[in-house]
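Working notes for the structure below.
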Amino acid sequence: NMYGKCGNINDAKNVFDQMSQRDLFSWNCIIAAYAQNGRGEDALELFSKLLTEGVQPDKVTFISVLSACSHAGLLDDGQRYFLSMNKDYTITPTVEH
């Protein structure tokens, strides 16, 4: 989380990749780091990997995913993820979303 907030994405990703077990918190941190540092498409790729690994996203995950879409200009994707929150994951959107 510290590396990502400081903009040091490569170190953040290295730490993430070396983790023996990744929980939702670690996934949320790395997705947010990519989203906040202008790497929206990479953030969405990580989100896809999260789902592939069977991790259930939460409202924090979707804040980062929607932020990634917004910063990368991926408005259609953002709308699709926004609708998916409630439909597929029963997460009620809040003002943060």
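- Under the 4.5 Å side-chain heavy-atom criterion for grouping Ile, Leu, Val, Met, Phe, Trp and Tyr, Leu75 is not connected to Ile63 through any hydrophobic cluster.
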>> Determine whether Asn37 and His71 satisfy the following criterion, side-chain contact (heavy atoms from CB on, under 4.5 Å), listing intermediate values before the conclusion.
In response: CA-CA 9 Å; Asn37 287 282; His71 288 114; over 6 Å; no
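- Atom CZ of Arg22 sits about 10.5 Å away from atom CG of Leu50, to the nearest 0.5 Å.
- Note that CG of Leu66 is 9.5 Å distant from CG of Leu44, once rounded to the nearest 0.5 Å.
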Taking only distance into account, with no hydrogens and no angle test, what donor-acceptor pairs under 3.5 Å do side-chain atoms of residues 77-87 form with protein atoms, sequence neighbours excluded?
unit_1 : atom_1 : unit_2 : atom_2 : d
Asp77  : OD1    : Arg80  : NH2    : 3.3
Ser84  : OG     : Asp88  : OD2    : 2.7

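- With contacts defined as side-chain heavy-atom distances shorter than 4.5 Å, the pair Gln56/Ile91 does not qualify.
- Note that the CD atom of Gln36 and the CD1 atom of Ile9 stand 8.5 Å from one another [nearest 0.5 Å].
- Nearest approach of Ala72 to Gly40, heavy atoms of both residues: CB-CA, 4.2 Å.
- Summarising the geometry, atom SG belonging to Cys69 is positioned 10.0 Å from atom CG belonging to Asp76; distances are rounded to the nearest 0.5 Å.
- Each of Val60 and Val65 belongs to its own hydrophobic cluster when Ile, Leu, Val, Met, Phe, Trp and Tyr are linked at side-chain heavy-atom distances under 4.5 angstrom.
- Distance check, rounded to the nearest 0.5 Å: CD of Glu53 to NZ of Lys49 gives 8.5 Å.
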Side-chain atoms of residues 24-35: list all donor-acceptor pairs with protein atoms under 3.5 Å, sequence neighbours left out, distances to 0.1 Å.
unit_1 : atom_1 : unit_2 : atom_2 : d
Ser26  : OG     : Asp23  : N      : 3.0
Ser26  : OG     : Asp23  : O      : 2.8
Ser26  : OG     : Asp23  : OD1    : 3.2
Asn28  : OD1    : Thr61  : OG1    : 2.5
Asn28  : ND2    : Asp58  : OD1    : 3.3

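- Sorted by first and then second residue, the pairs that involve residues 24-39 and meet salt bridge (Lys or Arg N to Asp or Glu O under 4.0 Å), not counting sequence neighbours, are Arg39-Asp42.
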